[in-house]
J.: 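Before I ask anything, let me first share the structure, which is written out below as structure tokens.
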Amino acid sequence: DTEVTQTPKHLVMGMTNKKSLKCEQHMGHRAMYWYKQKAKKPPELMFVYSYEKLSINESVPSRFSPECPNSSLLNLHLHALQPEDSALYLCASSLDGQNTEAFFGQGTRLTVV
Amino acid sequence: GESVGLHLPTLSVQEGDNSIINCAYSNSASDYFIWYKQESGKGPQFIIDIRSNMDKRQGQRVTVLLNKTVKHLSLQIAATQPGDSAVYFCAENNNDYKLSFGAGTTVTVRA
């Protein structure tokens, strides 16, 4: 199984809503990532978890809150988002985060209205 | 085949020709590089990787070349097919958990 599964595939939320994006992998990978991708742009790193601990936060606003409940799951909690936060949110995982291949999920297309 | 020396945001190639996609990376300390293919509405898909102790690596129909002197990476696709139409990203890693992506090249295959 070389799959990273993200749910939901699409999400529309209002600026006062609270929602969560979910990511799951069963490859035994110990590094998991959240990326944000705007249209026609490359993915931008948001967060990295290594061995279930947050190791990198790329100065992401606090309205985005990551969580890693266990080694297979990664969540991104969303609260009070702005329309400019609309984007494709990608989850990825890699064996240990250090010079190893990262596998990406299909992403969640988020629209903030 | 199509060949460019500099990174271009778009590349149009005739079906059956060879494609060359270029990427300049920024961090001289980076020691691992990946090429990803991203089709519309999908996540990036791994194509091929290369470590800094190598200058060439071949896969099925693809070859990656690494020139550390000028910090340049290229992806060659042999006998380009319609299914190769996508956005191609290079990504670099320097052993610090950060996988950083280049700007991307949109490849369009003409029938």
Side-chain angles (χ1 to χ4, degrees), chain A residues 2-7 9-10 21 23-25 27 29-60 68 87-110, chain B residues 7-11 21-27 29-54 57 59 62 64 66 68 73 75 85-108:
Chain A
T2 58
E3 203 170 287
V4 176
T5 303
Q6 290 188 243
T7 56
K9 286 187 170 45
H10 301 274
L21 309 185
C23 175
E24 191 169 357
Q25 57 86 16
M27 295 179 277
H29 288 175
R30 303 314 299 267
M32 296 186 76
Y33 312 76
W34 282 114
Y35 281 83
K36 173 182 178 180
Q37 187 177 26
K38 301 285 271 187
K40 301 189 187 304
K41 296 290 187 183
E44 295 178 355
L45 183 64
M46 300 174 72
F47 302 104
V48 180
Y49 272 83
S50 175
Y51 292 85
E52 299 157 53
K53 289 186 168 47
L54 182 65
S55 59
I56 294 178
N57 175 343
E58 291 285 85
S59 302
V60 179
C68 189
L88 181 68
Y89 287 85
L90 292 161
C91 173
S93 72
S94 67
L95 188 62
D96 61 7
Q98 299 189 358
N99 294 353
T100 57
E101 176 186 347
F103 292 85
F104 282 80
Q106 297 300 296
T108 294
R109 175 70 61 190
L110 175 68
Chain B
H7 169 260
L8 294 179
T10 61
L11 177 66
I21 305 165
N22 293 297
C23 176
Y25 63 93
S26 55
N27 189 345
S30 293
D31 52 9
Y32 179 61
F33 305 88
I34 305 176
W35 279 101
Y36 283 95
K37 171 186 180 184
Q38 187 173 24
E39 297 175 277
S40 181
K42 296 186 177 181
Q45 178 187 1
F46 173 91
I47 302 173
I48 192 167
D49 59 1
I50 189 167
R51 300 191 185 278
S52 59
N53 61 353
M54 304 172 71
R57 190 156 188 242
V62 295
V64 56
L66 175 62
K68 294 181 288 292
L73 195 66
L75 177 71
S85 292
V87 181
Y88 290 80
F89 293 102
C90 65
E92 60 182 298
N93 182 283
N94 64 349
N95 214 33
D96 66 352
Y97 299 100
K98 292 187 184 182
L99 189 63
S100 300
F101 284 76
T105 295
T106 300
V107 173
T108 303

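Each chain gets a letter, A, B and so on, in the order the sequences are listed, and its residues count up from 1. These numbers come from the heavy atoms of this one structure, side chains and all, not from hydrogens, waters or symmetry mates.
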J.: Nearest 0.5 angstrom please: A:Y35 OH to B:F101 CZ, how far?
T.: 5.0 Å
J.: Select one option (side chain, backbone, both, neither) describing which atoms of A:Q37 are under 4.5 Å from chain B's heavy atoms.
T.: side chain
J.: Identify which of A:R109, A:E44, A:E58 forms the greatest number of heavy-atom pairs closer than 4.5 Å to chain B.
T.: A:E58
J.: Heavy atoms only: give me the nearest B:I34-A:A102 pair and the separation to one decimal.
T.: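 Minimum heavy-atom contact is CD1-N, 4.1 Å.
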J.: Measuring heavy-atom distances to chain A, does B:Q45 have an atom under 4.5 Å in its side chain, in its backbone, in both, or in neither?
T.: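 Neither the backbone nor the side chain of B:Q45 comes within 4.5 Å of chain A.
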J.: Would you find more than 12 non-hydrogen atoms of other residues, nucleotides or ligands less than 6.0 Å from A:K9 atom NZ?
T.: no
J.: Which atom pair, heavy atoms only, marks the closest approach of A:I56 to B:K98?
T.: CD1-CG, 3.5 Å
J.: Contact part of B:F33 toward chain A, heavy-atom cut-off under 4.5 Å: side chain, backbone, both or neither?
T.: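 No part of B:F33 comes within 4.5 Å of chain A.
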J.: Are any of the side-chain heavy atoms of B:F89 and A:P43 separated by less than 4.5 Å?
T.: yes
J.: What is the distance from atom OG1 of A:T100 to atom CG of B:N93, rounded to the nearest 0.5 Å?
T.: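 Rounded to the nearest 0.5 Å, the OG1-CG separation comes out at 7.5 Å.
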J.: Answer yes or no: does atom NZ of B:K68 have more than 12 heavy-atom neighbours from other residues, nucleotides or ligands under 6.0 Å?
T.: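 Correct, the count exceeds 12.
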J.: Mind checking what makes side-chain contact (heavy atoms from CB on, under 4.5 Å) contact with A:T7, not counting sequence neighbours?
T.: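 A:T7 satisfies side-chain contact (heavy atoms from CB on, under 4.5 Å) with A:K22 only.
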J.: What part of B:L99 lies closer than 4.5 angstrom to a heavy atom of chain A: side chain, backbone, both or neither?
T.: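 Its backbone and side chain both get close to chain A.
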J.: I need the minimum non-hydrogen distance between A:E101 and B:Y32, along with the two atoms involved.
T.: N-OH, 3.2 Å
J.: Looking at B:G43, B:S100, B:S30, which one has more heavy-atom pairs under 4.5 Å with chain A than the rest?
T.: B:G43
